[in-house]
Amino acid sequence: MADHRYDPKEIEPRWQQLWAQERTWEVSNEEAAKAPQTSYVLEMLPYPSGEPHIGHLKVYSVGDAVAHFHRRTGRTVLHPMGYDAFGLPAENHAIKTGQHPRESTDAAIASFQRQFREWGVSIDWSREFGTHEPRYYRWTQWIFLQLFEHGLAYRKEAAVKWCPNDATVLANEQVVDGRCERCGAEVEARQLEQWFFRITDYADRLLDDLDTIHWPEHVKTMQRNWIGRSEGAEVTFRCEELDVDYPVFTTRPDTLFGATFFVMAPEHPDVERLAAGTGQEDAVRDYVNHAMGESVEERGSADKPKTGVFLGRHVVNPVNGERLPMYVADYVLMEYGTGAIMAVPAHDERDHAFAVAHNLPVKRVIEDPEGGELPYSGDGTLTNSHPEFDGLPNREALERIVDWLDREGKGHKSINYRLRDWLVSRQRYWGCPIPIVHCDGCGMVPVPDDQLPVPLPDITDYKPKGRSPLAAAEDWVAVDCPRCGKPARRETDTMDTFVDSSWYFLRYTDAGNDGAAFAPAVANAWMPVDQYIGGVEHAILHLMYARFLTKALTDLGHLDVQEPFARLFTQGMITKDGAKMSKSRGNVVSPAALVERYGADTARAYILFIGPPDHDADWSDSGVEGMYRFLGRLWRTCAAAAEELVDAPVPDELGPDADRILRKAHWAIEKVTGDMDQRFAFNTAIAAVMELLNEVTAEKRGDADPGSVRFALMTAASLLFPFAPHVSADAYHLLTGGRVWEEPWPAAEPAFLERDTFELVAQVNGKVRDRVQAPTRASNDELVALAKGLPNIQQHVDGKDIVKEIVVPGKLVNIVVRG
RNA sequence: GCGGAUGUGGCGGAAUUGGUAGACGCGCAGGCUUCAGGUGCCUGUGUCCUUCGGGACGUGGAGGUUCGAGUCCUCUCAUCCGCACCA
C-alpha cells in the first residue's frame, strides 16, 4: 500500500484552480431564466478593512454550505460577493496617515479576495463590485434622486445627534446609550439642516410585513420594538390666555380625568412665548438653557430626578374644563408625539415623580383591583371621572372617551411611532456624494441622470472640520446650475454608508448593467434572497433600511418585491477564552494562520462543528486538531480504498458487515439531509459523517465487500462536500473519477433505513432495567411477553402487582407495578 | 423596569414529536505501532456504591402534571443580549 498523506496544501489549490478556470460557480441570468428552480443565497457583504477575521470565515462557511446544498438539490444558485467599501475606518486611517482611503480600501479588498479564494468559497466572481466604485455609486445616487423626486428624500432642519469626535451627524440608530456607536464619544444634540429618508411613511408596512418572512423571532421583536408603534389618541388642550391649541398624544385617554398638570419639552418652540409676561420668563429661560446643554446621555436616564419649572400659564382639560398648570420639563421629549403631554400622576410613574417633587395634586381615576399604592398603571374600573364612564372597565371607557372626543372635535384616535426618519447625510469624505446642486434661483436641483455619477473628488485634507471635507474641493463644488445655468454649488455632504448596503443585493442580480441599477425583470426573477446570513448586530440598522429601500423602489415602479430577505439566519459570535476576540486582548485567531497550518477545509469544518451556528461559540485550538485528524482519516481511508477497490460495485448479496455499513451510509444520508434541509444543524451533520467513517475504517470493516465499502466512503465524501469542499472533492474523485459538485445530492434508499429487529427497552416503573432485540413486526402483546421474560425485569416485578403495561411500538415497554 | 435568549460530564456540544440522557468531538487514562517524535491505530472514560449480577444518584434550584420529564406547567436563581423618561 502506498504512503497516503493528507496534504491540504497540495489538494486545496488544485481544486481552487479548476473551479476558477472553469468558472464553476458562475451563473448567468440567461441560464437562470431557463432553470427549473433557482435560489439566491447571500451572506452580508463585508466591510473591507485589514484582513478577514474569524467572523467572516464563519459567515461564509455557513453560506457556502447552504449554497452547495441548494445546488446539489437541483437549484440554480446565485451566490455573489462584494464589498461595503465606503466608511469611516478607512477615512480615519487617511486622517492619520494621509493615505487615500481608496488605496487602503482597495488593498483590503485584494486581501479579502485572495482569502475568500483560498477558503474555496463558491462565489460567482463575475458579479463582484465595491460600493465605492463609480459604476456602483452612480446608481446609489440614482436611487437617492428617485427618492428625492418622489418626496421620500428631503432636507430639513432638526435637532440631530452629532458626534463631536467624528464631526458628523448620526442616525438615531447609530447612537447607543447616548454614545456614537463607532467611536464611543458622547453624542451632542445640534440643530442642523440635514437630509432624511421618509422611512416613517413605511412604519406600518415594515411592522406588518414582518409576519410574511421567516426570520428569527428575536430579530423580528427587535424591529417591532424599534418601530415602537403605540396606539392611542391625540387630545387637544387649549391655552385660553394665548388662544392656542396644544394637542398631546396619549396611550391612556381613559385617564384623561386624572390629568392634573401639563408639560412641554424644553425644545418646544412655544415655550418662550408662553412664559412671556408671566414673571416666569427668567426661570424658564434658565431651565431651558440648562436642559439643552445636557448631553444626550445625561438627559436620557430614566431614574434622574424630575426637574422642571412653571410656565406661568394654564390649559383647559377638554373633558372636564379643569384648568391645568403648564410646566416645562426635560422628561418630555420633543421628538416623540407632539412635544407636550398631559400629566396623570396617579397612573404614570414619571408624572407621579414630578407631581411629588413639585407638590402637584394626584387624582386617582382607575381602581386598582389589588388595592395597591399609586402610581398604578394597570387596568381597573374607572372612577372619579364622569357619571357616563365611572364604573366601566378602563379599556371600554377608553374607547368611549375617544368616541366622545371625536364627536366634540376635541381629539381623535392616533398612532405614534418611535421610529424616526432616517438621517442619511454625513459631513464626511469617504462616502457617496449626494447628487444635488444648490442654486440661489432654483433651489435644490437634482443632478440630471446623464451627468451621473457625481464623482467623489480627490482631496488632500481629510480632517473633519464640522462641515464636509468635500466643501474644500472648490473646483468640484462650483458648478453651473443644471436648470438655469447660473453659478451654483454642489451639496457637499455624503450619504450614510448604510444607503450603499441597502440595495447591493439588487445590484448583484444585474451587476454588469451599464444602463440601469438593475433590470426590473432580472431583479424580480432572483429576488427575494432565499437565504440571507449575517450577524445579529445588523438586526435593526441594515435590515430595516434594506427592507425600507426595497419597498420604496417597488412603490416607485422599479421592482416588484415587498421583502428583500425571505429567510434570515443570524450566526453567533466566535469568542476565545470566553471573550470577544480583540487585538488589545491578544486573543485573536487569524483565519490566514489557520488556513496556513491546517488548510481551509479544517478551518471551515471546525467552525461548523463547534456548535449550533446561531449560538456564540468559544474557540478551541485542540478542537481544530480533532477536525484536522478527521479530515485526514477520511482522505487517507478514501485514498487507500481507491487503490484497493477500483470500480467495485455493490453486490446483490450482502454479507452482515456490508449490510451494517450500507445501513449506516443510508442513515447518514437521511440524517445529513434532514439537518441541512430543516435547520442549520451543521454540527450534527458533520458528526453523522464522522459516525459513518468510524463504521467503515479498516478495523471495523470486517469482511464487507469492496463495493459496499466504496459506496460508504463516496457517500461520506459526498455528504461532507458542503462543509469541506476540497478534501471531499478530492476523495470523491479518487474513488470514482467523478466531480462531486456535479452529482445530485444522495438519496437514502428506504430499504436500508428499515430494520428487521430493533432494541427494545424494557422499563419497570419508568426505569430502564434491560434491553433486548425484538422483531420490528412484533405485536404489542409479544413485546410485553418478551420484556417480561427478561430476568432482570422479573426480578423487579416479582412479588408485586402489575398495574399497567405501556407499549411504545418500535421503542419500549414499561411495566408499572405497585407493592 | 420591559422584552428576548441561554443554563446538560473535566470542556464544546447531542437528544428534531413527552419515551434508552451524554451521539460526535476535545481532554484524560491504558495499550499497540514507530521509536526521534507534538504521527497513526486500538480500548476505556457522568458521579458514587458494588458480592462485578447489578444498584443509587444525575440535565442551574424548588415544586407539580405523567406509567415515564432535559423536553410540559408554576415559582425561583444565574449569565448574556436588546430596548429603556416613547406619554
Side-chain angles (χ1 to χ4, degrees), chain A residues 5 176-177 216-226 228-230 232 248-252 255 263 299-304 306 329-333 335-344 347-351 353-354 377 416-419 536-537 539-540 572-573 606 609-612 614-627 629-630 632-633 636 671 674-675 678-679 681 683-691 694 697-700 759-771 791-792 795 803-808 810-818:
Chain A
R5 201 171 64 86
V176 178
D177 293 334
E217 211 44 53
H218 68 278
V219 176
K220 289 191 188 181
T221 304
M222 278 197 231
Q223 293 222 342
R224 287 192 189 104
N225 291 344
W226 191 263
R229 180 185 152 109
S230 301
V248 302
F249 174 74
T250 176
T251 54
R252 295 295 302 276
T255 63
V263 193
R299 173 91 187 260
S301 106
D303 42 10
K304 163 186 172 188
K306 297 281 173 287
D330 67 0
Y331 80 93
V332 174
L333 310 173
E335 316 82 273
Y336 189 79
T338 62
I341 61 155
M342 66 166 196
V344 184
H347 305 292
D348 180 282
E349 266 182 53
R350 298 152 300 176
D351 296 345
F354 190 88
S377 54
N416 246 274
Y417 302 91
R418 212 188 73 105
L419 185 70
V536 72
E537 64 273 19
I540 294 170
M573 214 180 22
Y606 173 65
F609 182 67
I610 192 169
D614 51 334
H615 290 191
D616 290 350
D618 203 56
W619 186 265
S620 148
D621 289 330
S622 44
V624 186
E625 297 271 355
M627 182 54 66
R629 280 200 288 270
F630 164 65
R633 196 161 66 242
R636 281 192 308 274
K671 172 73 178 154
D675 286 350
Q678 314 296 324
R679 45 199 205 139
N683 53 333
T684 50
I686 293 170
V689 180
M690 288 174 169
E691 285 194 55
N694 287 345
T697 41
E699 300 295 313
K700 289 181 181 164
E759 189 174 63
L760 176 71
V761 170
Q763 299 182 332
V764 178
N765 287 351
K767 282 196 199 300
V768 180
R769 294 302 177 186
D770 213 342
R771 294 150 224 262
N792 207 37
Q795 217 169 49
V803 179
K804 214 177 192 180
E805 287 154 354
I806 287 149
V807 182
V808 182
K811 289 234 160 95
L812 60 79
V813 166
N814 184 17
I815 296 170
V816 185
V817 297
R818 197 169 33 207

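Side chains are part of it too, since the values below use all heavy atoms of this structure and drop only hydrogens, waters and symmetry mates. Owing to the predicted nature of the structure, the values given are computational and were not obtained by experimental measurement.
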What's the gap between B:G61 and B:U8 when it is taken at their C1' atoms, as a whole Å value? 15 Å
In terms of the angle between their ring planes, are A:Y606 and A:W619 parallel, tilted or perpendicular, with boundaries placed at 30° and 60°? perpendicular
Expressed in whole Å, how much space separates the C1' atoms belonging to B:C11 and B:C32? 28 Å
Expressed as a whole number of angstroms, how long is the span from A:E335:CD to B:A87:C1'? 13 Å
Rounded to the nearest 0.5 Å, how far apart are OG1 of A:T684 and CZ of A:R679? 4.5 Å
Is any side-chain N or O of A:R5 closer than 4.0 Å to OP1 or OP2 of B:U39? no
Taking the side chain of A:F609 as heavy atoms from C-beta outward, which of B:G19, B:A87, B:G25 is closest to it? B:G25
Rounding to the closest angstrom, what is the interatomic distance between B:A62 and B:C41 at atom P? 43 Å
Respond yes when some side-chain nitrogen or oxygen of A:K804 is under 4.0 Å from OP1 or OP2 of B:U66, and no when none is. no
If the P atom of B:G25 is compared with that of B:G19, how far apart are they to the nearest Å? 25 Å
Protein-nucleotide distance (A:Y417, atom OH; B:C83, atom P), rounded to Å: 21 Å
Just N and O in the side chain of A:R418: are any of them under 4.0 Å from OP1 or OP2 of B:A84? yes
Which listed nucleotide (B:A14, B:C85, B:G4) is nearest to the side chain of A:D330? B:C85
Report the distance from atom CD1 of A:I686 to atom CE of A:M627, rounding to the nearest 0.5 Å. 5.0 Å
Any strand, both distances under 3.5 Å, Watson-Crick or G-U wobble: B:G58 pairs with none
Is A:V816 touching bases, backbone alone, or none of the nucleic acid, heavy atoms closer than 4.0 Å? sugar-phosphate
Please report, rounded to the nearest Å, how far the C1' atom of B:A69 is from the NZ atom of A:K767. 12 Å
Test: A:E349 and A:K306 ion pair at under 4.0 Å: no
Which nucleotide wins on minimum distance to the side chain of A:A687, given the candidates B:G68, B:C42, B:C24? B:C24
Can you say whether a donor on the side chain of A:N225 sits under 3.5 Å from an acceptor on the base of B:C83, or the other way round? no
With P as the reference atom in both, quote the distance from B:C57 to B:A21 in angstrom, rounded to an integer. 13 Å
Nucleotide nearest A:P612 (side chain, heavy atoms from C-beta), chosen from B:G27, B:C85, B:G13: B:G13
Nearest to the side chain of A:S620, heavy atoms from C-beta on, is which of B:C85, B:G82, B:C26? B:C26
From B:C67, B:C42, B:G27, pick the nucleotide closest to the side chain of A:S622? B:G27
State whether A:N792 places a side-chain N or O below 4.0 Å from either non-bridging phosphate oxygen (OP1 or OP2) of B:G55. yes
Nearest 0.5 Å, what's the CG-CD1 distance between A:D351 and A:I341? 4.5 Å
Quick one: pull up CD1 in A:I815 and CG in A:N765 and give me the separation to the nearest 0.5 Å. 9.5 Å
Of A:Q763 and A:K671, whose closest RNA chain B nucleotide lies nearer the 5' terminus? A:K671
Within less than 4.0 Å of OP1 or OP2 of B:A14, is there a side-chain N or O belonging to A:R679? no
Distance, C1' atom - from B:A56 to B:G10, rounded to whole angstrom: 23 Å
In whole Å, what separates the C1' atom of B:G58 from that of B:G9? 10 Å
Contact under 4.0 Å: A:S230 side-chain N or O vs B:A87 OP1/OP2: yes
For A:R769 and B:A56, is the shortest distance between a side-chain N/O and OP1 or OP2 below 4.0 Å? yes
Expressed in whole Å, how much space separates the C1' atoms belonging to B:C72 and B:A87? 40 Å
